[in-house]
Each structure stands twice: as structure tokens, then as C-alpha cells.
Enquirer: 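I am attaching a structure below and will ask some questions about it afterwards.
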Amino acid sequence: MSTPFTEPAKKHLGQNFLHDRSVIDKIVQAIAPQPGDAIVEIGPGQGALTFPLLKKHGEVTAIEFDRDLHAPLQAAAREHGTLHLIEGDVLGVDFTALAAQLAPADGRIRLAGNLPYNLSSPILFHALEHAAAIRDMHFMLQKEVVERMAAGPGNKVYGRLSVMLQAYCTVTPLFVVPPGAFRPAPKVDSAVVRLLPKPAGCIDVQDRVRFANVVRAAFGQRRKTLRNALHGVAGTALIEAAGLRPDARAEQVDVAGFVRLANLPAED
Ligand code: SAM
């Protein structure tokens with residue numbers, strides 16, 4: 001069958017299109033759509049994941065920024081199921097409002113996507129803002145990013161992304177995908193990761209903004225001691241009150257330690 005997609009891949013939109021059938025099948029199996037689920041795909045591109053998801057589930061909402069892809073996607077989707085295409089920037093999509101609109105049984109959407117790698121972190125932080133409206137997320141990202149997301153203290157790639165995500169979600173790397181699975185092939189390995197937002201009662205962070213500020217400052221200069229890196233954000237007494245050593249470095253502090261510190265009332 002001839003393809004309706006005629007435009008070449010756009011590098012500035014992170015377009016690396018998946019073509020490896022076995023990888024696509026593994027992602028769909030990992031998502032395992034169930035009747036009544038509201039599946040929301042970020043960056044459907046030329047439909048590599050969208051169409052198999054439509055075949056399995058019948059209905060998918062997808063958010064695509066590239067206007068050259070909108071008409072061909074809609075046209076090609078028809079034979080597979082019902083595609084609701086949101087034409088625009090995923091960072092402008094209010095997932096909480098979308099969940100209310102799609103109204104799945106448990107009120108939460110399921111996010112999936114082979115993400116544009118240049119926007120991975122902004123998309124992850126955007127999703128975190130709406131974590132209460134999201135049941136789970138299955139994302140393809142650079143392998144190195146997935147390693148950072150899942151790392152624990154003491155690991156050299158443990159950092160702000162690890163702490164911020166793990167405070168709100170359970171992070172499970174699923175499998176690695178080689179460059180040859182995409183066209184054009186990226187220069188790096190990729191990996192698929194599952195994020196399960198924690199139920200509200202299991203999130204210990206009391207003030208999200210304060211927590212984000214403490215973590216940002218602590219890792220802003222990761223070679224510095226907490227005492228120095230947190231200057232102006234949390235003093236020595238507060239660091240000690242949280243059970244942390246002021247001469248420790250951020251990379252040695254676990255997620256619970258950052259949560260305890262951010263939960264203490266800040267000094268004047
Ligand atoms: N899902 C397709 C696949 O697996 O072949 C395409 C994946 S490609 C890595 C990323 C997709 O995200 C592209 O289609 C790109 O146009 C789209 N994209 C880039 N920036 C976006 C944004 N800000 N909002 C929504 N989609 C975006």
C-alpha cells in the first residue's frame with residue numbers, strides 16, 4: 001500500500017520513526033490496553049505505534065505538533081480505528097482537563113509515546129504536574145535518560161531527574177532499543193520505560209514548589225557539599241534536622257532525604 005507520508009523526517013522535531021515490528025509489538029504489549037482505557041499518545045508521527053494501538057484498542061487520542069503530518073495521519077488512521085488528533089504542542093496540553101474530557105472509568109488517562117528526544121525532560125516534568133490525572137506512562141527515550149530517571153544515590157547519573165521522578169512515580173526501565181529500529185537511525189541507544197504515578201496518599205512531598213527548589217539547588221552544583229549548594233535555600237541546622245550531613249553531596253542523598261528536608265519549615 002502506498003504511504004500518504006511524503007515529507008522527509010524533521011530533525012528539529014526529533015523525528016526518528018520506528019519501523020521495527022518486534023519493538024512496536026513489545027511496546028503495545030507493555031501498554032496492554034484494556035477496554036475503557038483512555039490511551040493518549042504523544043508524537044504519533046507516521047503512526048508506527050498509533051495504528052497498532054488503534055487496531056488493538058479501537059480508539060486513541062494523539063497529540064502531534066507537525067502540521068504536515070496531520071492530514072496524512074487522519075487519512076491513514078481511518079482503516080485502523082478512531083483517532084482523535086490534537087494538533088499542537090504537547091507542552092500546551094492540560095492532561096488534567098483531557099482526562100476529565102475523555103472520562104475513563106478510573107478518571108485517569110494512560111500516556112504513551114516515542115518522545116521527541118530534544119523535549120524529553122520538559123515533557124516528563126509537564127506530565128508530573130498532572131500526575132494525579134495519569135494512570136501510567138510508557139515512553140521511548142534515550143537510554144541514557146532512562147538510566148538517569150531510574151538511578152539511585154551513589155550512581156554517577158543520579159540527579160535532579162531521578163529525584164523528581166521517583167518522588168512522584170515508580171520508574172521501571174523495560175527494554176533497550178538499538179538505533180537500527182528507527183528511520184533515520186539516531187546516534188544513541190534508546191530504551192522504553194514505564195512510569196507509575198504514586199497514589200496521592202503515598203506521596204510524602206508537602207510543598208511541590210519548595211521540593212523542586214531544594215532539589216534544583218542541591219544538584220545545581222553537584223560537586224559542592226549540601227551546606228554550600230543549598231546556601232540561601234536551607235541552612236546547616238535545617239539540613240541536620242532532616243537527618244542529613246551538611247558535608248554530604250547531593251548525589252549521596254536518597255529521595256526520602258530530600259523529601260524530609262523540603263518538608264521542614266524553611267528558616268527566615
Ligand atoms: N511515534 C512515531 C514513531 O514512533 O515513529 C514518531 C516518534 S518521533 C521520535 C517524535 C514525534 O513527536 C514526531 O512525530 C514529532 O513531530 C512529534 N513532536 C515533536 N515535538 C512535539 C511537540 N512539542 N508536541 C507534540 N508532538 C511533537
Enquirer: Using the side chain to side chain contact (heavy atoms under 4.5 Å, CB included) rule, pick out the option among Lys56, Arg110, His57 that qualifies with Ile31.
Expert: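 Output: one option passes, namely Arg110.
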Enquirer: May I ask you to say whether Arg108 pairs ionically with Asp136, meaning some side-chain N is under 4.0 Å from a carboxylate O?
Expert: no
Enquirer: Within the 3.5 Å criterion, strictly below it, is a donor on Thr50 or Glu41 matched to an acceptor on the partner's side chain?
Expert: yes
Enquirer: Answer yes or no: is there a side-chain heavy-atom contact under 4.5 Å between Val23 and Lys26?
Expert: no
Enquirer: From Ser120 OG over to Arg148 CZ, what is the distance, rounded to the nearest 0.5 angstrom?
Expert: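 The distance works out to 8.5 Å.
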Enquirer: I'd like to know if Ile109 and Val193 are part of one continuous hydrophobic network [Ile/Leu/Val/Met/Phe/Trp/Tyr, side-chain heavy atoms within less than 4.5 Å].
Expert: yes
Enquirer: Do the non-hydrogen side-chain atoms of Met140 and Ser190 ever get within less than 4.5 Å of each other?
Expert: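 Sidechains of Ser190 and Met140: in contact.
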Enquirer: Does Val163 belong to the same Ile/Leu/Val/Met/Phe/Trp/Tyr cluster as Val157, with side-chain heavy atoms less than 4.5 Å apart forming each link?
Expert: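 Hydrophobic grouping puts Val163 apart from Val157.
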Enquirer: Using the rule side chain to side chain contact (heavy atoms under 4.5 Å, CB included), only one of Val215, Val214, Asp204 pairs with Val259; which is it?
Expert: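 Option passing the side chain to side chain contact (heavy atoms under 4.5 Å, CB included) with Val259: Asp204.
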Enquirer: According to a 4.5 Å side-chain heavy-atom criterion applied to Ile, Leu, Val, Met, Phe, Trp and Tyr, with indirect links allowed, do Leu54 and Leu98 form part of one hydrophobic cluster?
Expert: no
Enquirer: When you compare the side chain of Arg249 with that of Lys224, does any pair of heavy atoms fall below 4.5 Å?
Expert: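 In short, these two side chains do not touch, never coming nearer than 4.5 Å.
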Enquirer: Under the rule for side-chain contact (heavy atoms from CB on, under 4.5 Å), what residues qualify as partners of His130, not counting sequence neighbours?
Expert: Asp94, Phe95, Thr96, His126, Ile134
Enquirer: For Ala218 versus Leu230, what's the shortest heavy-atom pair and its separation?
Expert: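 Looks like N-CD2, 3.8 Å.
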Enquirer: Which heavy atom of Asn16 sits nearest a heavy atom of Pro186, and at what distance?
Expert: ND2-N, 3.8 Å
Enquirer: Measuring from atom CD of Glu240 to atom CZ of Arg245, what distance do you get when rounded to the nearest 0.5 angstrom?
Expert: 10.5 Å
Enquirer: Search all heavy atoms of Ala266 against all heavy atoms of Leu238 and return the closest pair with its distance.
Expert: CA-CD2, 4.2 Å
Enquirer: Is any side-chain heavy atom of Gln74 less than 4.5 Å from a side-chain heavy atom of Leu83?
Expert: yes
Enquirer: Are the side chains of Phe51 and Ile24 in contact, using a 4.5 Å heavy-atom criterion?
Expert: no
Enquirer: To the nearest 0.5 Å, tell me how far Glu129 CD sits from Arg208 CZ.
Expert: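 Glu129 atom CD to Arg208 atom CZ measures 7.0 Å (nearest 0.5 Å).
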Enquirer: Taking NZ, NE, NH1 and NH2 as the nitrogens, is one of them in Glu79 or Lys55 under 4.0 Å from a carboxylate oxygen of the other?
Expert: no
Enquirer: Between Arg160 and Phe125, is the side chain to side chain contact (heavy atoms under 4.5 Å, CB included) condition met? List the steps.
Expert: CA-CA 11 Å; Arg160 175 174 171 242; Phe125 281 104; 3.9 Å; yes
Enquirer: Would you please test His12 and Asn118 for side chain to side chain contact (heavy atoms under 4.5 Å, CB included) and show each step?
Expert: CA-CA 8 Å; His12 71 283; Asn118 50 337; 5.8 Å; no
Enquirer: Hey, can you pull the donor-acceptor pairs under 3.5 Å for the side chains in residues 165-184, sequence neighbours left out?
Expert:
residue: Gln166; atom: NE2; partner: Met149; partner atom: O; Å: 2.8
residue: Gln166; atom: NE2; partner: Ala151; partner atom: O; Å: 2.8

Enquirer: Is there a donor-acceptor contact under 3.5 Å from the side chain of Gln221 to the main chain of Phe219?
Expert: no
Enquirer: Between Arg210 and Val205, is a side chain to side chain contact (heavy atoms under 4.5 Å, CB included) present by the stated rule, with each step listed?
Expert: CA-CA 9 Å; Arg210 168 80 179 149; Val205 176; over 6 Å; no
Enquirer: Taking the side chain as every heavy atom from C-beta outward, state whether Phe65 and Leu119 have any pair of such atoms under 4.5 Å apart.
Expert: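 Contact flag for Phe65/Leu119 side chains = no.
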Enquirer: May I ask you to say whether Arg135 pairs ionically with Asp37, meaning some side-chain N is under 4.0 Å from a carboxylate O?
Expert: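 Yes, charged N to carboxylate O under 4.0 Å.
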Enquirer: Answer yes or no: are there more than 12 heavy-atom neighbours, outside His231 itself, under 6.0 Å from its atom NE2?
Expert: no
Enquirer: For Gly45 and Phe17, which heavy atoms make the closest approach, and how far apart are they?
Expert: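 So the minimum-distance heavy-atom pair works out to CA-CE2, 3.7 Å.
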Enquirer: Identify the two heavy atoms, one from Ala99 and one from Pro104, that lie closest to each other, and give their separation to 0.1 Å.
Expert: O-CD, 3.6 Å
Enquirer: Between atom CZ of Arg67 and atom CD of Glu7, what is the distance when rounded to the nearest 0.5 Å?
Expert: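 CD of Glu7 is found 12.5 Å from CZ of Arg67.
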Enquirer: With side chains defined as the heavy atoms from C-beta onward, is the minimum distance between Val28 and Pro52 less than 4.5 Å?
Expert: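 SC-SC contact between Val28 and Pro52 confirmed.
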Enquirer: Can you tell me how far apart OH (Tyr117) and CD (Glu144) are? Round to the nearest 0.5 Å.
Expert: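 So the OH of Tyr117 and the CD of Glu144 are separated by 11.5 Å.
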Enquirer: Are Leu128 and Ile63 connected in a single hydrophobic cluster, I mean Ile/Leu/Val/Met/Phe/Trp/Tyr linked by side-chain heavy atoms less than 4.5 Å apart?
Expert: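 Yes.
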Enquirer: I'd like to know whether Arg216 forms a side chain to side chain donor-acceptor pair (under 3.5 Å) with Asn213, so could you lay out the CA-CA distance, the side-chain angles of the two residues, the decisive distance to 0.1 Å, and finally the verdict.
Expert: CA-CA 5 Å; Arg216 188 182 297 108; Asn213 287 342; 3.1 Å; yes
Enquirer: Is the count of non-hydrogen atoms from other residues, nucleotides or ligands lying under 6.0 Å from Lys198 atom NZ greater than 12?
Expert: yes
Enquirer: Taking the side chain from His70 and the backbone from Glu64, do they hold a donor-acceptor pair closer than 3.5 Å?
Expert: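 Judged by distance alone, yes, a pair lies under 3.5 Å.
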Enquirer: So how far is it from Leu111 CG to Ile42 CD1, rounded to the nearest 0.5 Å?
Expert: 5.0 Å
Enquirer: For Lys10, is there an ion pair with Asp66 - N to carboxylate O distance below 4.0 angstrom?
Expert: yes
Enquirer: Check Pro44 against Leu85 and note the closest heavy-atom contact, atom names and distance.
Expert: CG-CD1, 4.3 Å
Enquirer: Going by heavy atoms in the side chains, are Met164 and Phe211 under 4.5 Å from each other?
Expert: yes
Enquirer: Honestly, is Arg194 close enough over Phe139, meaning NZ or CZ under 6.0 Å from the six-membered ring centre and within 45° of the axis?
Expert: no
Enquirer: Identify whether Leu141 and Leu196 are in the same connected component of the hydrophobic contact network (ILVMFWY, side-chain heavy atoms under 4.5 Å).
Expert: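 No.
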